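Here's the structure, in C-alpha cells; my notes come after.
Please read all numbers here as calculations on a predicted model, not as lab measurements.
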Amino acid sequence: MNFLAHLYLSGSDDPDLLLGNFIADSVPGRQLEKYAPGIQRGIRLHRHIDTFTDQHPVVRRATLRLREAGYGKYAGVISDVFFDHFLARNFSEFSRVPLAEFCQRAYALLTRRAAEMPERVQYFLPYMVQHNWLLHYADFEGIAASLRGLSRRASPGSGMETAVEELKRQYAAYEADFREFFPELQAEVELRGSTT
C-alpha cells in the first residue's frame, strides 16, 4: 500500500503510530531501535502491512496483470498506487471523516513532527503537503503525477509514467481487486493492533 492507505490504517488516536507508519520505508533494518517505542510500533505495523499485501493472492493477481502489461519488477509499486487511488476515490465508504479533512489533519501532524523524520522524508514532505498528494490520489492526474515521480527515481525504462493508461484500460478489474483485498487488510490490521 502507498501513503494514504498506511496513514489511514494507522487510525486516528496514536500520533506516534502514524508517524512510524509514515516514515517506515526510510528506516532501514534495525535503525528502528533509534526511535521511541510508539514510533517503532508504527514502523513494525508498516512492515507487516507490506508483507501481508505482497503475499496476498488478490494483490498477486493484480501485479501479474501489470507484469503482463509490461511493468515487470515495478508491478507491485504500481498496484500500491492504484489501491491508494481507489481508497481516495471511495474514502467516504471507509471513514466518517471526509478525505480533505483527513489529509489536512495528517499533514498538520506530520509537519509538526518533521524534525523526527529521516532526512529523505523531511525533504519530500513539504512537496507532499504543497501539492496535496493524498487528496489528488482520487483523480487520474494525481495518480499520473505520482507515477511520474516514481518513474524519475526508478531505473530507466521502468515505464511507470504510462501506468495510468493501464489503470484506465482495466479500471473495473483493478477496482474489483481493491474491493476484495482492502477489507481483508483492514481486518488483519485490526487483529494485529493489539500485538504490534
Side-chain angles (χ1 to χ4, degrees), residues 1-27 39 42-43 45-50 52-53 59 62 74 76-154 160-161 163-164 166-168 171 174-175 177-179 181-183 185-186 189-190:
M1 304 306 292
N2 206 40
F3 291 120
L4 179 61
H6 278 290
L7 291 168
Y8 168 76
L9 291 166
S10 297
S12 59
D13 59 351
D14 189 337
D16 283 354
L17 187 76
L18 185 141
L19 176 62
N21 202 342
F22 180 69
I23 67 171
D25 281 336
S26 297
V27 180
I39 298 172
I43 294 168
L45 175 61
H46 181 111
R47 292 174 180 173
H48 182 73
I49 289 168
D50 283 356
F52 181 84
T53 300
V59 176
Y74 297 102
V77 176
I78 294 167
S79 71
D80 286 348
V81 174
F82 285 5
F83 284 7
D84 257 20
H85 166 72
F86 292 113
L87 177 58
R89 188 84 172 221
N90 302 287
F91 201 74
S92 63
E93 295 178 30
F94 300 97
S95 175
R96 288 188 294 254
V97 178
L99 178 60
E101 183 180 339
F102 175 88
C103 295
Q104 290 310 310
R105 287 182 188 178
Y107 294 148
L109 184 148
L110 294 170
T111 300
R112 282 194 306 272
R113 308 277 305 263
E116 300 170 63
M117 298 176 182
E119 191 173 306
R120 175 182 170 271
V121 184
Q122 289 182 29
Y123 174 78
F124 75 70
L125 179 63
Y127 295 98
M128 171 184 260
V129 174
Q130 179 183 356
H131 298 287
N132 205 351
W133 291 359
L134 301 175
L135 184 70
H136 291 301
Y137 286 153
D139 57 62
F140 286 128
E141 184 46 46
I143 290 298
S146 177
L147 290 164
R148 284 194 301 270
L150 289 166
S151 180
R152 284 192 293 272
R153 295 188 294 278
M160 281 193 285
E161 71 281 358
V164 73
E166 168 66 10
L167 176 61
K168 290 176 183 177
Y171 196 85
Y174 290 111
E175 183 170 18
D177 294 335
F178 169 79
R179 289 189 175 280
F181 165 69
F182 197 70
L185 176 59
Q186 287 180 285
V189 169
E190 287 173 19

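- Using a 4.5 Å cut-off on side-chain heavy atoms (C-beta onward), I39 and I23 make contact.
- When each of W133, F140, F91 is checked for a ring-ring contact (aromatic ring centres under 6.0 Å, His included) with H85, only F140 meets the rule.
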For the pair T111 and M128, evaluate side chain to side chain contact (heavy atoms under 4.5 Å, CB included) and give the outcome as yes or no after the intermediate values.
-> CA-CA 10 Å; T111 300; M128 171 184 260; over 6 Å; no

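- The structure places CG of D80 at 10.0 Å from OG of S146, a figure rounded to the nearest 0.5 Å.
- Taking all atoms of both residues into account, the shortest heavy-atom contact from L147 to A163 is CD1-CB, 3.9 Å.
- We find the CD1-CG distance between I49 and L185 to be 6.0 Å, quoted to the nearest 0.5 Å.
- Checked against a 6.0 Å centroid threshold, the rings of F86 and Y171 count as neighbours.
- Using modelled atom types, one finds no donor on one side chain facing an acceptor on the other under 3.5 Å when comparing N2 with H6.
- Here the closest heavy-atom approach between residue S10 and residue L17 is recorded as O-CD2, 3.3 Å.
- Put simply, CG on D84 and NE2 on H136 are 14.5 Å apart, with the number rounded to the nearest 0.5 Å.
- Residues S26 and P118 share a closest heavy-atom pair of O-CG, 3.8 Å.
- One distance of note links CZ of F22 with CG of L109; it measures 10.5 Å at 0.5 Å rounding.
- With S79 contributing its side chain and G76 its backbone, the two residues share a donor-acceptor pair below 3.5 Å.
- Taking both residues in full, the closest heavy atoms of L150 and M160 are given as O-CE, 3.5 Å, listed atom of the first, atom of the second, then distance.
- Summarising the geometry of C103 relative to N132, their closest heavy-atom pair is CB-OD1, 4.1 Å, with the distance given to 0.1 Å.
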Apply the test ring pair (Phe, Tyr, Trp, His ring centres under 6.0 Å) to residues Y137 and F3: give CA-CA distance (whole Å), side-chain angles for both, the deciding distance (0.1 Å), then the verdict.
-> CA-CA 10 Å; Y137 286 153; F3 291 120; 7.4 Å; no

Begin from the C-alpha positions of R120 and D25 and carry the test salt bridge (charged side-chain N to carboxylate O under 4.0 Å, His left out) through to its verdict.
-> CA-CA 10 Å; R120 175 182 170 271; D25 281 336; over 6 Å; no

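- For D139 and R89, the salt-bridge test fails: no basic side-chain N is under 4.0 Å from an acidic carboxylate O.
- Atom CG in L4 sits 4.5 Å away from atom CG in L87 (nearest 0.5 Å).
- Here the side chains of R113 and D16 are in contact, with some heavy-atom distance below 4.5 Å.
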Using the salt bridge (charged side-chain N to carboxylate O under 4.0 Å, His left out) rule, take E141 and R148 through it: C-alpha gap first, then chi angles, then the decisive distance, then the call.
-> CA-CA 10 Å; E141 184 46 46; R148 284 194 301 270; 2.9 Å; yes

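- Here the two rings, on F181 and F83, have centers that are under 6.0 Å apart.
- For the pair L110 and L125, the minimum side-chain heavy-atom distance is below 4.5 Å.
- Using a 4.5 Å heavy-atom threshold, the side chains of L135 and F102 count as separate.
- To the nearest 0.5 Å, atoms CG (D177) and CD (E175) are separated by 10.0 Å.
- Closest approach of M117 and L19 over heavy atoms only: CE-CD1, 3.7 Å.
- Checked by atom type and distance alone, the side chain of Y8 pairs as donor or acceptor with a backbone atom of F94 at under 3.5 Å.
- Taking the six-membered ring for Trp and thresholds of 30 and 60 degrees, F178 and F182 have nearly parallel ring planes, at less than 30 degrees apart.
- Residues E93 and R179 are paired through a salt bridge, judged by an N-O separation under 4.0 Å between the basic side chain and the carboxylate.
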